[in-house]
Every structure is written in C-alpha cells, then in structure tokens.
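Below, chains carry the letters A, B, ... as their sequence lines are ordered, and counting in each starts from 1.
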Amino acid sequence: MSISAAATMITTISPAIVQKSQESSPLSLLPKCSSLREIQQLQAFAIKSRRLQWDNSFLSKLIDALTLNPAPPSMYHAHKLFDQISHRDAVLFNTLSRGYSRSHEPHQAIVLFCQMLEASIAPDAYSFPSLLKACASAHAFCEGKQAHAAAIKLGFASNAFVLPTLINMYSQCGDVKAARTIFDHGTDRCVISYNSMITACVQSSRPGEALALFREMQSRRLRPTYVTMLGVLAACALIGALYLGKWIHEYVKKNGFSYYVKVNTALIDMYGKCGSLEDAIGVFNGMEFRDTQAWSAMIVTYAIHGQGIVALKLFDEMLQKGIRPDGITFLGILYSCSHSGMVEQGLGYFRIMYSDYGIPPGIKHYGCIVDLLARTGKLEEAYDFINGLSIEPTLILWRTLLSACGGHGNVDLGKKVFNRIIELDDSHGGDYVIFSNMCALNRMWEDVNEIRKLMDERGVVKVPGCSSIEVDSKVHEFFASDGKHPDSKKVHRMVDEIMEQLKVVGYIPDTCKVHHVDLTEEEKEVSLRYHSEKLAIAFGLLNTPPGTTIRVVKNLRICSDCHSVAKLVSMVFGRQIILRDLNRFHHFAVGQCSCADYW
DNA sequence: AGCAAAGTGG
C-alpha cells in the first residue's frame with residue numbers, strides 16, 4: 001500500500017489524528033494519539049490493512065501506545081491485543097511488561113517474563129530493565145535475584161541499560177551492599193549507573209558515600225545530569241552540611257540545572273534541612289513555575305522550622321493559585337498543626353482532605369493526628385483514635401503516643417503503650433529509653449532498674465547521641481563524653497567554662513531525667529554535662545568567629561537540659577544557634593527558642 | 001527501552 005493511500009484511509013477513520021501529524025504512516029502517528037479511541041481507530045486500521053498478522057514492530061508500538069495512555073482500561077486493552085497476536089516475539093513481551101511496570105502492576109510484569117520463558121522465547125537485553133524494575137517496586141527480592149542470575153547467564157548483566165536497574169533493584173530490596181558490589185564490578189559505569197548508585201546511597205542514609213561517588217564522577221569527567229543533582233542535594237540534606245549545599249547550588253547554576261522544577265524543589269528541601277529557611281525561601285521565590293511538589297516542600301520547610309502559621313498561609317495561597325494539593329501537602333499541613341499545637345485547625349484539615357479533595361488519609365496522616373492529639377495532652381483521645389482505626393496500627397503510631405506520654409508524664413497509659421510496643425518489636429532501644437525516663441521522672445526507681453535488666457537480657461542497645469558541626473567545610477562529629485575527636489580535651493574544658501558562666505546567670509542542671517539510679521547528684525550532673533550537642537556547641541564557640549551562627553545537627557531529640565543550655569548560650573555568648581533535631585529545627589537567639597519550648 | 005523530590009515516630 002502506498003503512503004498516500006494509507007493517509008486516505010486514516011482520514012476516513014479520524015480527522016483528529018491526521019491533524020496532529022504531517023506524516024502519513026500509521027507507525028509515526030501512534031505516539032501522537034492522545035486518547036484510547038484514537039489508538040483503537042489505528043488498531044482497527046491495522047487489522048483492516050492486515051498488518052496485524054505480520055508486523056510485530058507496528059504491534060509493539062501499538063501496545064506501547066496503549067500502555068502509555070493514562071486511562072485505567074489501557075493495560076486491559078493492551079493485554080487483549082497481545083493475546084490476539086499469534087507470533088509473539090521478545091519485543092512484544094518486553095513492551096507489555098514495560099507497560100505493567102509503568103502502571104504499578106509489578107506482579108503482572110514478573111508473570112509475563114515467566115510466560116515468555118515457557119513459550120521458549122529467548123529474552124533479550126531489553127527484557128531485563130522492566131523485569132528488574134518490577135521486582136524492585138514489588139520488593140520481590142527472590143525474583144529479583146533470579147532475574148539477576150538469568151541476566152548473568154545470558155550475558156546481559158553488564159549491559160549499560162541493565163546495570164542501573166540491577167543497582168536499583170538491590171537497593172530497593174534493602175541490600176545496598178550487593179548494589180555497591182555490582183556497581184564496583186560493572187565494566188561500563190555510565191552516568192546513569194552513577195546516578196542509581198548515588199540514589200541508593202541516599203536512600204540507605206549513606207550521604208558520605210553518595211558525595212564520594214559524585215567526586216569520582218567529576219574526576220572521571222562524566223557529565224552529571226539533573227538526576228545526579230537530585231541525589232547529591234538529598235545527600236547534603238541528610239548530613240545537614242549547609243556550606244557544601246551552597247557549593248552544590250552554585251554548581252547547579254553554573255551547569256544549567258536551574259530550570260528543572262525538581263532540582264529547585266530539592267534545593268528548597270536541602271536548605272530547609274540544612275537550617276537555612278531564608279535560602280529556601282529565596283529559591284522558592286525565584287522559581288518561575290511551581291508545581292504541587294514545590295509548594296509542598298516549602299510548606300514542610302516552614303513547618304520543620306516551627307512556623308506553622310506561615311505554612312498554613314502558604315497553603316491558602318497555593319489553593320488560590322489553583323494548585324491541587326496532594327497527600328504529601330496535607331502531611332505537611334497536619335505536621336505544621338501538630339508542631340504548633342493547633343489542634344482544631346489540624347482536625348479540620350484532616351476532615352476536608354478526603355471530603356473536599358478526595359485524598360484518602362494514609363498511615364502517615366493518622367500518625368500526624370495521633371501526634372496532634374497526644375502532644376497537647378489529649379492522650380486518651382489519641383489512644384482511642386489509634387484503637388478505632390480500620391487498619392492495623394503500626395509501631396510508629398504507638399511510638400508517637402509513647403513519646404507524648406513521656407512528655408506529659410502519664411506513666412499509667414505510658415506503661416500500657418510500652419507493653420504494646422515491645423510485644424510488636426522488643427529490639428528498639430529508643431522505646432526503653434523513653435519509658436525509663438518516664439519512670440525516672442516519677443522516681444519509680446525499681447521500674448528503671450527493671451527496664452535496664454530487660455535491655456541487658458535482650459541485648460538491646462540504645463543509639464548513641466551524636467552531634468555534628470561543619471567548620472571550614474569539614475564535618476566534625478561528637479559523641480557524649482567521648483575522646484575520639486582530636487580536640488576533645490580542649491572541647492571538654494570549654495564546656496566546663498561555659499557551665500561556670502551559665503551558672504552565674506542562674507542555670508541549674510536538670511538532672512531528674514538521668515536514669516542511673518546509683519549515681520550521686522554530682523555524677524548525674526557530669527553525665528549530663530558532656531552530651532554530644534553541648535560538645536558540638538562548645539567546639540563551635542571555639543572555632544568560629546564571634547557573632548556568627550552556630551549550626552549543629554543531632555541524630556536524636558534534644559534533651560531538655562541541652563535545650564535550656566542552648567538558650568542561655570545564645571544570650572550569654574551573643575550567638576545564634578540553629579540546631580537540627582531528628583526532624584525539626586530549634587533556632588536559639590537571645591535566650592529564646594523558635595519552638596517556644598514545645599517540641 | 002535504564003537512574004528520578006516532598007512525607008508521621010525516635
């Protein structure tokens with residue numbers, strides 16, 4: 001059939017399709033189809049002109065177009081068409097499999113691969129990316145490993161397209177070590193493989209390794225892509241290294257990545273998590289186009305800096321501009337409310353998220369509501385809320401409540417919740433510590449001993465507190481009372497000096513939460529004195545010019561004694577201190593904290 | 001045809 005004849009036939013089927021194309025072959029028209037109807041018209045044309053029997057390349061394009069169509073029934077139509085084809089080849093299988101992995105039906109993709117083997121059709125290199133992607137998103141580690149073995153057998157494991165998906169699969173299934181081994185042994189380490197590996201490191205909280213890979217890329221003169229920037233910025237956010245982050249920002253500008261909305265969103269997130277609210281606002285204001293994610297990132301950033309009211313204002317502004325919020329936006333909103341004690345508003349937003357926006361609440365939204373209720377002391381309500389849920393409450397939900405019980409000193413409910421938690425998982429040191437502190441606060445020393453014994457028996461260890469501070473683009477880490485840092489003697493002396501000065505203005509060490517029963521008051525004071533955040537602040541006072549801001553990142557929540565010390569230091573030494581908790585910020589200035597002592 | 005943000009608790 002001549003091209004002009006084909007064009008005539010299509011014209012009789014749908015003028016809309018022809019309008020979209022200057023070309024006349026049905027193959028080139030396919031990507032321009034935007035609706036299921038248009039694709040099916042082309043399919044009808046293909047059947048009419050008897051192409052269905054012989055042209056697998058055209059059929060593959062047809063299936064691809066069907067699977068790309070966002071309307072839900074497309075996978076069904078694609079599979080139906082696939083079933084009608086008599087001579088299936090690997091390309092057809094791959095195309096349908098890709099469709100399933102795109103439409104989040106990983107199990108179908110895996111099944112399809114098995115069917116291909118059963119039909120004695122040899123997979124090619126392109127069969128593996130979608131299969132591995134499916135295994136990754138389904139967390140199907142066994143299948144993933146089998147797929148890897150098959151890829152090795154067939155000689156496709158070091159293929160440039162297969163390698164990144166292999167890395168991704170291992171990382172998503174939780175085996176980052178294996179991912180790294182594959183990456184290291186890869187013969188063809190391209191930019192995309194580096195991106196996968198960097199992302200894998202970030203997702204497994206190994207920011208240092210991610211940044212090292214970025215440097216390796218540069219020394220190998222591989223040109224990063226914007227995806228590289230997303231990974232590297234996320235790594236900076238994890239470490240909380242503001243100056244390194246600023247350097248990356250410059251790099252982003254110089255290399256033309258500033259126009260990617262996602263990169264700007266990652267920059268907002270990075271500045272937010274590195275403690276610079278102003279820089280985050282600067283990036284947000286400088287964006288020409290902002291999507292839901294960009295607004296959400298900015299809302300969350302205000303929230304973690306204790307500016308809940310501003311976060312809510314921004315949400316209103318977002319709605320006025322006609323940007324649709326998603327589940328994450330509401331998470332930010334609920335988070336803002338719970339961390340600013342706005343119970344009624346929070347419950348209001350929780351109600352409208354489904355009724356007005358059709359967003360079904362997930363476990364994380366429930367977590368925020370539990371936090372919202374419990375943090376303000378409505379502990380029983382929070383308990384009832386958890387028990388009334390239609391889904392099985394997770395550990396985190398109980399943990400949220402336990403931590404609030406600790407904050408409000410409610411040992412009775414706290415004990416009930418604690419027992420519930422260790423039934424589910426008795427290996428988490430943090431839970432024991434919260435409950436033990438709660439008991440110590442109520443002078444229930446036998447219980448404190450009991451908990452200690454339980455921890456020893458079960459071999460539970462608590463995560464040591466660690467604070468870090470970036471000075472001259474080097475990150476210094478401090479652990480409580482440790483002598484690992486080269487300057488530790490000097491730092492300890494500095495802490496002693498600080499304490500003397502603070503006592504003059506009325507500081508009294510808050511020893512009631514130190515849960516070593518057999519310590520004297522003085523010994524308790526000493527154990528409190530060398531908490532990691534105090535060491536880091538002392539190091540900051542010693543090694544940064546007077547008047548500059550001290551930025552500290554801590555891996556646990558700040559204790560109340562360190563909180564009051566930081567407030568006093570900000571006043572006595574005339575320094576602003578910005579301290580990052582596990583997931584929020586404390587801005588200390590002239591004796592006050594931005595969290596208004598509510599954290 | 002591969003990599004791809006934002007997110008409850010501690």
Between [X] and [N], is there a contact of a side-chain N or O with OP1 or OP2 at under 4.0 Å?
| X | N | result |
| --- | --- | --- |
| A:Arg584 | B:dG10 | yes |
| A:Arg98 | B:dA1 | no |
| A:Asn555 | B:dG10 | no |
| A:His339 | B:dG9 | yes |

[X] has an atom [atom1]; how far is it from atom [atom2] of [N], in whole Å?
| X | N | atom1 | atom2 | value |
| --- | --- | --- | --- | --- |
| A:Leu424 | B:dG10 | CG | C1' | 16 Å |
| A:Tyr260 | B:dA4 | OH | P | 16 Å |
| A:Met197 | B:dA4 | CE | C1' | 16 Å |
| A:Leu334 | B:dG7 | CG | C1' | 11 Å |
| A:Ile396 | B:dG9 | CD1 | C1' | 5 Å |
| A:Leu395 | B:dG10 | CG | P | 13 Å |
| A:Ile333 | B:dT8 | CD1 | P | 14 Å |
| A:Leu238 | B:dG7 | CG | P | 10 Å |

[X] has a side chain; which of [options] sits nearest to it?
| X | options | value |
| --- | --- | --- |
| A:Asp326 | B:dG10, B:dG9, B:dA6 | B:dA6 |
| A:Arg399 | B:dG9, B:dT8, B:dC3 | B:dG9 |
| A:His428 | B:dG9, B:dG7, B:dG2 | B:dG9 |
| A:Tyr226 | B:dA6, B:dG2, B:dA4 | B:dA4 |
| A:Ser403 | B:dG10, B:dC3, B:dT8 | B:dG10 |
| A:Asp269 | B:dG9, B:dC3, B:dA6 | B:dA6 |
| A:Tyr126 | B:dC3, B:dA1, B:dT8 | B:dA1 |
| A:Lys273 | B:dT8, B:dA6, B:dC3 | B:dA6 |
| A:Leu582 | B:dG9, B:dG10, B:dC3 | B:dG10 |

May I ask you to say what [X] touches in the nucleic acid, namely base, sugar-phosphate or nothing, with a heavy-atom cut-off under 4.0 Å?
| X | value |
| --- | --- |
| A:Gly367 | base |
| A:Ile363 | base |
| A:Val227 | base |
| A:Ala200 | nothing |
| A:Thr165 | sugar-phosphate |

When you check the side-chain N and O atoms of A:Arg102 and A:Thr67, is any donor under 3.5 Å from an acceptor?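 The criterion, which ignores hydrogens and geometry beyond distance, is satisfied for A:Thr67 and A:Arg102.
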So, A:Arg452 and A:Tyr432: side-chain donor and acceptor under 3.5 Å apart, yes or no?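 The answer is no; no qualifying pair exists.
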For A:Arg557, is there an ion pair with A:Glu533 - N to carboxylate O distance below 4.0 angstrom?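 Not counted as a salt bridge, because no side-chain N and carboxylate O are separated by less than 4.0 Å.
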So, A:Asp279 and A:Lys246, do they make that salt bridge, N to O below 4.0 Å?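 Yes.
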Taking the six-membered ring for Trp, are the ring centroids of A:Phe161 and A:Phe156 within less than 6.0 Å of each other?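 No, they do not, as the ring centres are separated by 6.0 Å or more.
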Is the distance between the ring centroids of A:His79 and A:Phe82 under 6.0 Å?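 Centroid separation for A:His79 and A:Phe82: below 6.0 Å.
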